[in-house]
Amino acid sequence: MTWLLILILVPLAGSLVLAFLKGNDRAAVLTALAFSILELLLIIPFWLSYSPSGARLQMTSSFDWIPSFGVHISFGTDGISLVMIAVIALLVPIVVGGLGTMDKLPPGRSAGGFLSLILLQEALTIGVFAATDVFLFYVLFEIMLIPMYFLIGGYGGANRQYAAVKFFLYSFLGGLIMLASAIGAYSLAVDKLGHGTFDWATLVTVVRDAPLSTQIWLFLGFFLAFAIKAPLVPFHTWLPDAAGEAPIGVAVLLVGVLDKVGTFGFLRYCLPMFPDASRTLAPLVLVLSVIGVLYGSILAAGQRDMKRFIAYVSIAHFGFISLGIFAFNEQAMVGSATYMLNHSLATGMLIVVIGLVIARGGSSKISDYGGMAKVTPLLAGMFLLAGLSTLSLPGTNSFVSEFLVLIGAFVDQPVYTILATVGMVLAAAYVLWLYQRVMQGPVRGDALVGVGGGPGTAIAPELGAKKAIRDLNGREIAILAPLVVLIIVLGFYPKPVLDTVTPTVQQTLSAVQGGK
């Protein structure tokens, strides 16, 4: 029994308990909160047990699963997976605590069923980040789609079924292509070792010596699955629909954590296993990355829905992360690895704040809001902080990551970096534009002030309009407080995260540069 197994089993046990609490919503919320907070507390000794200067994979465990095919239930962590496991452990209690305030369940739906799926999603996602057997990784990669499918399809908006099916099919088909490449890598192991294996560390040593043409075909299978998950343009179209229809808490996990499986896969699988193919196809990936940055930034400007707006801004950010990864520069790659964490914190907080806005106004349309800062100043402040972190203002957590990607990638890829910078400036401008439309100007909309007139009607509170909305309450402040603290602390002192991910990045880069 290792820390990783405990971290997987705790939310899994919580999910099973919640499955039997479908008739008592209050008990279900308290139970889910207890399990999720316990999981978060366990992250502390888990983090402290990790040695950045130690082996690439630590806290490992392995059990026979299908011995005749060399398949094992194997887990281990490196610096990057450690950070991502920590961030999902942080976000899940926030999602649970926000049920009933930023999320309202559809009629007839129980909190027990919803929260059971949330904890199951947490357990499976941790398993994906921790898996060190390639076949096990594939199985968990596919299975973790199931709870997310039901969370979107059962608890989402009007077009939830379409969004859920689209999300599932895109990722599932990508996973099948990845399985074909994994079987190809297994065959190479049979030829070279005399027996098959799916052990990640063994396959790294086997596949990296394969001919370039073989590496390219195997690389493309893994890359396509991860590019869909990330998502990179043109494999991105499922994300705006899924994020737009998902409940707020589900969108936090979807955009904040699940998408990072794609960029994590680039670093864990594509680069070390296929170093020659990675270098050969890097220009193609860089082109897709820059297109994603520009495309996501421009399309964000045309969005009328706040949740879809955040989805397109995130597409731009994912393009920026993949740019740093495939620039093959240590600073840029460290920036991308830390950006995975910082994007989760910044975007997670922004989605939560948007959920609190929607809960008050009853609409996700940007045009239905205006002047909320006059009646909810604390909520407006949280909105501004989340927006500033999203646009990487110096002093917030995202700045260091974006700065490292820029200075690192510019050394080797100046043209791509300049184009990506233009896109990121546009994305930053649109985030401020969103804040201005929602929080500044005259108070707009009967949903906000409780008077006659449809959405968009300008109301003068000083003329006697009765305010119908409230500012943040104690519960809402509590779910936002951890994100606020981390955004500010990591903005001024990112050393713990940098020290954790840098050795893993160095080992990954060394594997790429050591290819033939």
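Treat the numbers as computed from the prediction; the structure is a model and nothing was measured. Atom set for the values below is all heavy atoms of this structure, side chains included, hydrogens, waters and symmetry mates excluded.
- A donor-acceptor contact closer than 3.5 angstrom is absent between the side chains of Tyr339 and Thr263.
- Asp259 places a side-chain heavy atom less than 4.5 Å from the side chain of Pro231.
- Heavy atoms of other residues, nucleotides or ligands lying less than 6.0 angstrom from NZ of Lys166 number more than 12.
- Taking 4.5 Å as the limit, some side-chain heavy atom of Ile315 sits within range of a side-chain heavy atom of Pro240.
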Residues His72, Asp64; criterion side chain to side chain donor-acceptor pair (under 3.5 Å); working and verdict: CA-CA 5 Å; His72 299 81; Asp64 286 342; 3.2 Å; yes
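- Without hydrogens or angle criteria, Thr202 side chain to Phe198 main chain gives no donor-acceptor distance under 3.5 Å.
- Side-chain contact annotation: Ser15 with Ser116, donor-acceptor N/O pair under 3.5 Å present.
- Centroid-to-centroid, the aromatic rings of Phe222 and Phe274 come within less than 6.0 Å.
- Using a distance-only test at 3.5 Å, with no hydrogens or angles considered, a donor-acceptor pair links the side chain of Thr502 to the main chain of Leu498.
- The shortest heavy-atom contact between Ala246 and Ile152 is CB-CG1, 4.1 Å.
- Looking only at distances, no side-chain donor or acceptor of Arg208 sits under 3.5 Å from a matching main-chain atom of Val512.
- Counting only residues at least two apart or in different chains, side chain to side chain donor-acceptor pair (under 3.5 Å) contacts with residues 81-95 comprise Thr77-Ser81, Asp78-Ser81.
- The backbone N or O of Met144 lies less than 3.5 Å from a partner atom in the side chain of Gln121, making a donor-acceptor pair.
- A heavy-atom distance below 4.5 Å is not found between the side chains of Pro11 and Phe35.
- A pairwise comparison of heavy atoms in Met59 and Leu4 identifies O-CD1, 3.5 Å as the closest pair.
- Ser278 places a side-chain N or O within donor-acceptor distance of the main-chain N or O of Cys270, the cut-off being under 3.5 Å.
- In the model, His236 has a side-chain atom that pairs as donor or acceptor with a side-chain atom of Tyr295 under 3.5 Å.
- With Thr500 as the partner, the side chain to side chain contact (heavy atoms under 4.5 Å, CB included) test is satisfied by one option alone out of Thr338, Leu82, Ile80: Leu82.
- When ring centroids are compared, Phe46 and Trp3 stay outside the 6.0 Å threshold.
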